[in-house]
Structures are given as C-alpha cells and as structure tokens.
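Every number for a ligand or one of its atoms is a count from 1 in the order of the listing. Start at 1 with the first residue, then count along the sequence.
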Amino acid sequence: MRVAIAGGGVAGLMAALLLSRGGHDVDLFEADPSAPPDPAADAFLKWERRGVAQHRLPHQFLGRLREVLRARAPDVLARVLAAGATEHPVYRKIPGGEWLPDDEALTSIFVRRPVFEAVLRGVVAESSVRLHAGVHVDGLLVNDGSARGLRVLAGDCEADLVVDATGRRTAVATWLTEHGLPVPVEERSLCERVYYCRYYRLRDGAEYLDSPSPSGAPLGDIGAIRFNTMRGDNRTFTILVGAPSWDHDYRALREPAAFQAVLGLIPPLAPYISEDFATPITDILAMGGLENVRRHYMGDAVPVLRGLVGIGDSYCHTDPLFGWGASLAAAHAAALADAADTGDVNAALESVIGPTADAAFVGATLEDDARDREARGEVITPDPEREKGAFVRKVVAPASMLDPVIFRAMMRRVMVLDPADAIYQDHDIRARALGLVEKLKAMPRPYPVPTSEDFATAMRGASVPTA
Ligand SMILES: Cc1cc2nc3c(=O)[nH]c(=O)nc-3n(C[C@H](O)[C@H](O)[C@H](O)COP(=O)(O)OP(=O)(O)OC[C@H]3O[C@@H](n4cnc5c(N)ncnc54)[C@H](O)[C@@H]3O)c2cc1C
C-alpha cells in the first residue's frame, strides 16, 4: 500500500518506520527543515524544532512505548540506550519486593525527548521511507469520497492511505472543509496549569539519588502546586513545577531565582538543587494553554473521510502531567501497521485505539477537574463512584505504595499498559484501596509541608513578579 504521512514527530516517525517494515511504500512530510545532529545526545541543545512547542520540555517515556519498541523496533531501543538513555525498572519498587515475570513491562526509559526523537529519526532516515523535511502539507487530495493523498507545494503526493500525525494543532478540519467534507467531532477539557521546568546535569562525582517513589525521584502535590523530578539521559535531570494558570503570582516562576527559591522550600528537592550535586543547564522553560482533546476521525462507524486516519496528538492528547502522549503515539503507530494489512483500515484502527483514547481522555479530564476544584478551595471527598478522579489520585495512588496488587494495577494504568478506566471497574482494587484509607490517614507526612503563603513569600523575595 502507498502511504502518505503528514507530520514527522514521534507519532509520524513511528508510523513511518513500522509501516515501511511491514512492506508498505511510505512518504513522510515534516514541515521543520532541520535534521538532528550527530551524535543524538547533542539534540537537546542543537536541534531546532519550531513545529513542536514541547520539544525541550520534560518527557517521561513509559512502559507502553518501551513495549512497542521491544516488540517492533528493538534496534531503536538499543540505539536510544546507546545514546545515553537508561531503563528504570519501576516494578522493583513493588511493595514487598516480589514481582512477577509480566511486571518487567513496568519499566520506563529515562531520556530527553530531543535525544529520543533524534535517534528515531536517524533510524527512519536509514529505512526505505521517503522523508521530505522542510515540506509543509497544505491539504488533502480527495477523489470519489476517499482520501487520495496529500497536497504539498512541491507537487501532489498520491497515496492509498493518508495519515494525519501533525500533532495537537492539526489543520485537518480546514483540509476537510476545503472539500466540503464533515470535520472530526472534538471533545475538549482544560488543563488549568502552567508547567515550569529547569534541566540540570550532575556534577562530576555525583550520582543519582533514589527515592521511595516509583520513578525513584521526588514528586508530590503541595497545595495547588505539583512538583516532579525526572531523570534524563547523560547525567541530566529536570525538575518540573505545575502551578494553577489562574494564579498569576506563579508567573514569577519564570525567573530562575524565584524558581530556585520555591524548590528550596520543598525538603526532598534540597539535595537536587545543591551546587555540589548538580548544575543548571537551561533557563526556566514554561508552557501553558494546554487541553485534553479527543478528536473523532471516525463518526458513528463511518470515517469522516475513508482512507484518512489520525494518530498521536492529533487523535488524542492529554495533560502532560500524565506523560501518556508518546506511549499512545507508539501504540497508534503499531495498531496502524496492523490495520494497514486489513481490508478496512479506518475501522480496524479505530477498534484498537478508540477505546483506549476515550478512556485516556475521560480519565485525564476527571483528574484534572478534581485537581483544579481542590486548588480553588473546594473540599472533595474521594468517592469511587462520584469522584473517580480524586479517588484515583488521593486513595488508589498512595495505597499502591502499600499493596502489591494495587501497585501493579496503578502502574499498568500510569504506564499506558492498561486503559485508564480499568482501575475504576476493578472492584478488588477499589475494596483494597478503601481498606487502606485509615492506615493512610494515620501515616505522618514524610516532611514539613510549605504553605502557599511560604511559596508566595519566597517568590516575592526572589524576584519581581511579571504582571
Ligand atoms: C508540555 C508537554 C509535555 C509533554 N510531556 C510528555 C511526557 O512526559 N511523556 C509523553 O509521552 N508525552 C508527553 N507529551 C506529549 C508528547 O509530546 C506527544 O504526545 C508525542 O510526542 C506525540 O506527538 P505527535 O507526534 O503526535 O505530535 P508532535 O510531536 O507535535 O509532532 C507533530 C509534527 O508535525 C509537524 N507538522 C505540523 N503541521 C504540519 C504540516 N502541515 N505539514 C508537515 N508537518 C507538519 C510538526 O512540525 C511536528 O514535527 C507532552 C506534551 C506537552 C505539550
């Protein structure tokens, strides 16, 4: 089959690679002109990617992505590791320390996104895929009620299957409207947070620290703030702070001094920002204006356009807090490679990726909504029926650190190995988690928790907030 793919991010590159390895004839169009540097480890600082706003923002690469690579592109995984990434066996944090053979899937990859993408792009460049860099897709070719290819300035590209992998800001609705065709229905919900982050590199002689969290690094919720620490490749790590977008005082976090002052108030982060341990390698990177979106390329069992499919972020994207995007994109690419060998690609693809995307969208929406209402001062009782989002975050997640069965179910959800709604439907998990509520309440906080006023004072003392 001849396939034309618009967009060469993680989704487009993965799809191109897996389709070409399945014997299909693939053209991949990427608007950004620049090629990744060699070695790939330099990509974080040297690879310009204007088409991907989150290019340098921290990414968790979770179990589902790794499983797709292990099964379908082990050479990519090997080259990512050779570029300085490491694998993190989350399953070894299981309470009681007894894991099962299947738990090995609960392993993430520590790598910065530009480095991961540079390796993947390098493998695609060596494959039979015709990679057209610096070529912007302007529209669709449509004939007889089916997609027949992509319109690009340099000349039309005819194809039997057209893939929209152009990311969150896809222009697919415009492309379809130009032909008088229906557009995908969109479901949307807000992520009312701005993410601020900074990258660091370990000093010579320093080694990564361990922490009790599954990722092995500190993370947590303190009032309206969420913080996370993520290891990267080549002795790097990043610290991320998510703050409510409606509270403009937190805009001061764009200033390195205010950012460091806030981190300094969070006890488990103190060793990470010590000058003896690590040195910052970036300014503060920030991103807001985010949403959860599920875009329906398939209506009621009928595609908006036969022969056109969406994958990756254009199909579904969720709050980056969850870190699900690249895993979903890889799963979409694998499902597309399988669907391309069937008689009805649209239906075959949708039947595999639709339910998982629906569950991811609903799960992220429920948790974001509960988090935002709490940050605005609402008191929420985490009820497993009426407040599922709060129940998962405030009961199941902490209970998973005490019970191996809950840990396994929770981590399979976190790592996109099970659909996000499986945990609501599992009555055993619910009962086990509810049975631990009193024990959790009795557990002391592991460190003194700063208040919002402490953060405000630290930010005021460190910098002049932007209006
Ligand atoms: C702040 C932030 C943090 C994130 N953190 C994580 C994380 O921790 N873990 C995780 O798994 N995911 C994370 N994600 C999501 C992740 O980046 C994406 O889900 C994943 O990379 C798949 O994206 P994609 O390939 O579908 O789209 P993109 O990566 O956006 O790629 C789309 C590509 O299409 C190209 N393009 C666009 N329009 C055209 C056109 N008309 N013609 C030709 N080319 C075009 C663009 O240049 C770009 O290269 C995060 C996202 C954000 C915003």
Next on the checklist: Any salt bridge linking Arg70 with Glu87? Criterion: basic side-chain nitrogen under 4.0 Å from a carboxylate oxygen.
Outcome noted: no
Checklist entry - Is any side-chain N of the basic residue among Glu207 and Arg235 closer than 4.0 Å to the acidic one's carboxylate O? => result yes
Item to check | Sole residue of Ile5, Leu140, Leu305 in side-chain contact (heavy atoms from CB on, under 4.5 Å) with Val162 | outcome: Leu140
Item to check | Protein heavy-atom partner closest to atom 40 (C) of ligand 1 - residue, atom, separation in Å | outcome: Val137 N, 3.7 Å
Item to check | Distance from atom 25 (O) of ligand 1 to nearest protein heavy atom, with residue and atom | outcome: Ala11 N, 2.9 Å
Checklist entry - At what distance is the nearest protein heavy atom to atom 6 (C) of ligand 1, and which residue and atom is it? => result His59 CD2, 3.4 Å
Checklist entry - Is the closest heavy-atom distance from His136 to ligand 1 below 4.0 Å? => result yes
Next on the checklist: Polar contacts were defined as any N/O atom of the residue lying under 3.5 Å from an N/O atom of the ligand; does this apply to Ala6 and ligand 1?
Outcome noted: no
Checklist entry - ligand 1 and Ala329, any nitrogen or oxygen pair closer than 3.5 angstrom? => result no
Next on the checklist: Just to confirm my output: which protein heavy-atom neighbour is closest to atom 30 (O) of ligand 1, and how far is it?
Outcome noted: Gly167 CA, 3.8 Å
Checklist outcome for this item: Atoms of ligand 1 under 4.0 Å from any heavy atom of Arg113, numbered from 1 in the order shown, are 16 (C), 17 (O), 20 (C), 21 (O), 29 (O)
Item to check | Per-atom contacts of ligand 1 with Gly323, taking only distances under 4.0 Å to non-hydrogen atoms | outcome: 7 (C), 8 (O), 9 (N), 10 (C), 11 (O)
Item to check | NZ/NE/NH1/NH2 to OD/OE distance under 4.0 Å, Arg306 and Asp344 | outcome: yes
Checklist entry - With a cut-off of 4.0 Å, which atoms of ligand 1 are near a heavy atom of Gln60? => result 7 (C), 8 (O), 9 (N), 10 (C), 11 (O)
Under 3.5 Å, side-chain donor or acceptor atoms of residues 73-83 against the rest of the protein: list the pairs with distances, not counting sequence neighbours.
{"residue": "Asp75", "atom": "OD1", "partner": "Arg21", "partner atom": "NH1", "Å": "3.0"}
{"residue": "Asp75", "atom": "OD2", "partner": "Arg21", "partner atom": "NH2", "Å": "2.6"}
{"residue": "Arg79", "atom": "NH1", "partner": "Glu126", "partner atom": "OE1", "Å": "3.1"}
{"residue": "Arg79", "atom": "NH2", "partner": "Glu126", "partner atom": "OE2", "Å": "3.0"}

Checklist entry - In terms of atom number and element, which parts of ligand 1 are under 4.0 angstrom from non-hydrogen atoms of Gly51? => result 46 (C), 47 (O), 48 (C)
Checklist outcome for this item: Under 4.0 Å between heavy atoms, the region of Trp324 that gets near ligand 1 turns out to be backbone
Item to check | Sub-4.0 Å heavy-atom approach of Arg49 to ligand 1 | outcome: yes
Checklist entry - What residue pairs, at least two apart or across chains, pass salt bridge (charged side-chain N to carboxylate O under 4.0 Å, His left out) with a residue in residues 311-335? => result Arg193-Asp319
Checklist entry - Are there more than 12 heavy atoms of other residues, nucleotides or ligands under 6.0 Å from atom NZ of Lys93? => result yes
Checklist entry - So is Ala53 in contact with ligand 1, going by heavy-atom distances below 4.0 Å? => result no
Checklist entry - What is the closest protein heavy atom to atom 5 (N) of ligand 1, and at what distance does it sit? => result Pro58 O, 3.4 Å
Checklist entry - Any salt bridge between Glu186 and Arg295, counting N to O under 4.0 Å? => result yes
Checklist entry - When Pro58 is tested against each of Arg112, Arg113, Arg231, Met230 for side-chain contact (heavy atoms from CB on, under 4.5 Å), which residue passes? => result Met230
Checklist entry - Within a reach of under 6.0 Å around CD of Glu178, are more than 12 heavy atoms found that belong to other residues, nucleotides or ligands? => result yes
Item to check | Electrostatic pair Arg188-Glu291, nearest N-O below 4.0 angstrom | outcome: yes
Checklist entry - Which of the numbered atoms in ligand 1 are below 4.0 angstrom from a heavy atom of Gly9? => result 25 (O), 31 (O), 33 (C), 49 (O)
Next on the checklist: Between the side chains of Glu367 and Arg413, is the shortest nitrogen-to-carboxylate-oxygen separation below 4.0 Å, so that they form an ion pair?
Outcome noted: yes
Checklist entry - Among protein heavy atoms, which lies nearest atom 2 (C) of ligand 1, and at what distance? => result Pro320 CB, 3.4 Å
Checklist entry - Using 4.0 Å as the upper bound for N to carboxylate O, is an ion pair formed by Glu104 and Arg66? => result yes
Item to check | Gly312 neighbourhood, listing ligand 1 atoms whose heavy-atom distance to it stays under 4.0 Å | outcome: 26 (O)
Checklist entry - Could a heavy atom of Val135 be found less than 4.0 Å from some atom of ligand 1? => result yes
Item to check | Nearest non-hydrogen protein atom, atom 47 (O) of ligand 1 | outcome: Glu30 OE2, 2.7 Å
Item to check | Test: Asp418 and Arg408 ion pair at under 4.0 Å | outcome: no
Checklist entry - Does any N/O atom on Ala326 come nearer than 3.5 Å to any N/O atom on ligand 1? => result yes
Checklist entry - Any N or O on Val10 sitting closer than 3.5 Å to an N or O of ligand 1? => result yes
Item to check | Asp338 CG: over 12 foreign heavy atoms closer than 6.0 Å | outcome: yes
Checklist outcome for this item: min-distance protein heavy atom vs atom 53 (C) of ligand 1 -> Gln54 CB, 3.5 Å
Item to check | Ligand-side contact atoms (ligand 1) for residue partner Ala31, heavy atom cut-off under 4.0 Å | outcome: 43 (C), 44 (N), 45 (C)
Checklist entry - For ligand 1, which atoms have a heavy atom of Ala165 less than 4.0 angstrom away? => result 32 (C), 33 (C), 34 (O)
Checklist entry - Based purely on interatomic distance, does Trp175 place a nitrogen or oxygen under 3.5 Å from a nitrogen or oxygen of ligand 1? => result no
